[in-house]
There are 2 protein chains.
Amino acid sequence: MEPAFHGRPADHHPAAHHVYLLQQADRRRHDLGSCQGLMGLDSMRAPTLRDVARHAGVSMGTVSHVLNHPQKVSESTIAKVRASIEELGFVRDANASSLAAGGSRSIGLVVIDLGNSMFVDVARGAQEAARDAGLNLMLAASQDDFAAQGENVDFFAEARVAGLLLAPLQDSSEQMRRFSARGRPAILVNYDPGDEGVCCVVVDNEQVGYLAARHLIEQGCRRLLFVCGDEAIQPVTLRRAGLRRAVSEAKGVRFEEVHTPDLTEQSGAALAHRVAARGPGTRPDGIVTVTDTLAAGFMNAAEALGISVPRDMAVMGCDDNRLAEPTTVGLSTVAMEGKALGGAAIRMLLEELSAAAGIPHVHQRIVVEPRLIPRRSTLGFERG
Amino acid sequence: MEPAFHGRPADHHPAAHHVYLLQQADRRRHDLGSCQGLMGLDSMRAPTLRDVARHAGVSMGTVSHVLNHPQKVSESTIAKVRASIEELGFVRDANASSLAAGGSRSIGLVVIDLGNSMFVDVARGAQEAARDAGLNLMLAASQDDFAAQGENVDFFAEARVAGLLLAPLQDSSEQMRRFSARGRPAILVNYDPGDEGVCCVVVDNEQVGYLAARHLIEQGCRRLLFVCGDEAIQPVTLRRAGLRRAVSEAKGVRFEEVHTPDLTEQSGAALAHRVAARGPGTRPDGIVTVTDTLAAGFMNAAEALGISVPRDMAVMGCDDNRLAEPTTVGLSTVAMEGKALGGAAIRMLLEELSAAAGIPHVHQRIVVEPRLIPRRSTLGFERG
DNA sequence: CTGAAAGCGCTTACAG
DNA sequence: CTGAAAGCGCTTACAG
């Protein structure tokens, strides 16, 4: 068989293919013919706005107006210019455009990780709202790496985007400052900076913890275990506070806290071993992990260790992270409404962008309520 | 309580806050002081490369070299320039940079939808590979909208990215042509163009269907139902072919095909009603839906209609789409290895980019094998 | 190793 | 409504 680049086999209609190629070549030559003599153009050079202007017999300013302010141009001129654009296959250079105009219609979204469906939802919600507003949304994911997040923020700063949405897991004020120094607005998503210097859209993470613990208590659990992971992350701290509040409101509920080195499945699995080692009598009857990932690791390991969820023990996660490892039984959790977060963040940014023109902007803080999602991992628990 | 913009309450350390503000102001004045008299600068203007050059006492070319080709500059000059950059808070303008240099180090990824975890995985795999290669990856999601996909492709064409990754669901050659006209490489992900004009990285979708059907047959199913949705989408067509191949290899297996208007849960649920209406004797004992979404809709509706999965009927999806609605019982499926696709696509693009410098590039086609993931929805089936 | 200058492809006052 | 011209902030040969 011939190598692919020698041509297509006969049964692939080589003739039609050839004709097509010739048409392409013809067209190119024809399109640029009028200016070639004058300019000494390389016929392979991509057409610029100047080429369009010459082809249409108007000035560059007029072409630019057709592109950006068509209401300032007569119908007939618009038609003429559009035809030339079409014929030459002109694609404007957004870099030159932004440079000359001093800004772009794009906004950047930096998300810490796409491995948590919460952030995927934020991206989808933001994308939708941005499109509705006629803005371009560019997404950058940081693979759970704080340094990469900083590079992404810098990237958008260098790109001179109109505004930024940042969904971090920890204090990123330094990274944001670098961005905001240019005077462009930035909004925090799912992170509460705790002061009034920045707009933010957050989920009530204290309530997340509260709903989780209260649900377990309502299911009849009386010996709770909170699995808290690394405390440095804001959602973890807040959720823990909510867990405690739920316990303090109930009567006769004991609880203990365990800190895992991180929030991975592995840590969840390791915890299952520790719990199993305890012996049935002293084990907790309800577990809340601060993330679904931990819960998934725990449940999948517990099974093999002879702990049955939910019969022996109810388990709750937090996040409604559908990208966490699947569990044998549906995992009850508290959902974060990421789409709502993303949409609200875009609308907030739009407000700040339009406010930039004179009106003093007051930084806002929108709080979205979380939602309990009970599934089999807790609904099947029966107090023994 | 006072409104937030009147200032912070005393217990927030207002003094420290004030000091901080003053430091900021001082610094600004100091930094720009040296050039203000000469240039009549507005002290609020963001510093440019020219400002850095003056501040460091070198030419703009040298500053540019420090940024882009530090090996061409002496140690001492680099240090001097970097200090000025730091002190002025200079952030280079990527638009100007790309314009002058005639290209960027960014590559674009256009994904049809982030609601299918397959594409999230593609994005993550591509992100990782791009970062390893020192490239920036910009992601644009199209919300399952073909026109939006085209706009995203055009956006990257206008941004003059170095290359493009496109993960569509249908023939997008027209959109790609507009991009490639600039001579920049583009790679298709998860879509096979069927000719040699484009590089692509695809999953063997025929094999996806084959694995799904064979698995059901191995579980003992003898009356299969294929739920095919809209045939216009390439993966659907191929998977259906694979399903048929598996049946033709087996003995004594009957099958029928059903076409749903689309691939949504609602269609899956509607199908459950039709199947339930048939009466137990004539129902299929194994169902393959071409997407997990359809399967989820089916399963969740079937439950309420008195059909028990997997006892009465085994159900398989395709995609391993973890963003599909959760099902009461784990859904068996065939996974697409999106991360591998994304990573391979980036490496392919890098190859094409370096090949651009003279060596004729031969378009390639990488095929990734799918992977069967058996879960409860089929493993619990017992031939009745 | 460093500097002066042309130019990348647009946009936007400014005149007509 | 249209055109000529300055300028956006960089990079890159080209000389020194």
Side-chain angles (χ1 to χ4, degrees), chain A residues 35 39-42 45-81 84-85 88-106 157-162 182, chain B residues 35 39-42 45-81 84-85 88-106 157-162 182:
Chain A
C35 33
M39 306 173 60
L41 277 184
D42 169 11
R45 188 175 63 66
T48 67
L49 187 141
R50 153 178 268 121
D51 298 324
V52 174
R54 292 197 193 179
H55 188 272
V58 298
S59 75
M60 289 173 62
T62 301
V63 176
S64 179
H65 277 142
V66 170
L67 257 26
N68 303 309
H69 313 284
Q71 71 284 3
K72 293 185 179 177
V73 187
S74 70
E75 288 292 332
S76 62
T77 306
I78 290 182
K80 213 166 46 179
V81 170
S84 295
I85 287 175
L88 296 179
F90 167 71
V91 177
R92 67 121 78 65
D93 185 323
N95 296 123
S97 188
S98 298
L99 175 59
S104 80
R105 291 281 296 163
S106 296
E158 296 187 358
R160 302 292 191 262
V161 293
R182 318 288 311 187
Chain B
C35 32
M39 305 174 61
L41 275 186
D42 169 11
R45 189 173 64 65
T48 67
L49 188 140
R50 155 178 268 121
D51 298 323
V52 173
R54 292 197 195 180
H55 187 272
V58 298
S59 75
M60 291 173 60
T62 301
V63 177
S64 180
H65 277 142
V66 170
L67 257 26
N68 303 309
H69 313 284
Q71 71 284 2
K72 292 185 181 175
V73 187
S74 70
E75 289 291 333
S76 63
T77 306
I78 291 182
K80 212 166 46 178
V81 170
S84 296
I85 288 175
L88 297 179
F90 168 71
V91 177
R92 67 124 73 70
D93 186 324
N95 296 123
S97 187
S98 298
L99 174 59
S104 79
R105 291 280 296 162
S106 296
E158 295 187 358
R160 302 292 192 263
V161 292
R182 318 286 314 186

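Just so it is clear, the model here is predicted, and its values are computed rather than measured. Reminder, nothing fancy here: chain letters follow the sequence lines and each chain counts from 1.
Contact between the side-chain N/O atoms of A:R50 and the OP1/OP2 oxygens of C:dC8 is not found at any separation under 4.0 Å. In terms of phosphate contacts, A:S97 brings a side-chain nitrogen or oxygen within less than 4.0 Å of OP1 or OP2 of C:dT11.
Between A:H69 and B:S74, the one whose closest nucleotide on DNA chain C sits nearer the 5' end is B:S74.
The CG atom of A:N95 sits 17 Å away from the C1' atom of D:dG7 (whole-angstrom rounding). Note: CG (B:D93) to P (D:dC8) measures 12 Å, nearest angstrom. Atom NE2 in A:H65 sits about 9 Å away from atom C1' in C:dA13, given to the nearest Å. Distance, A:Q71 CD to D:dT2 P: 13 Å, rounded to whole Å.
No contact: A:G102 has no heavy atom under 4.0 Å from any strand. Residue contacts shown for A:N68 are limited to sugar-phosphate atoms, with no base heavy atom under 4.0 Å away.
Checked options B:N68, B:V66, B:L67; the residue passing with B:S64 is B:N68 (criterion: side-chain contact (heavy atoms from CB on, under 4.5 Å)).
Between the side chains of A:R160 and A:N95, no donor-acceptor pair is found at a separation under 3.5 Å.
Considering only side-chain atoms of B:A100, the nucleotide from C:dT2, C:dC8, C:dG9 that sits closest is C:dC8.
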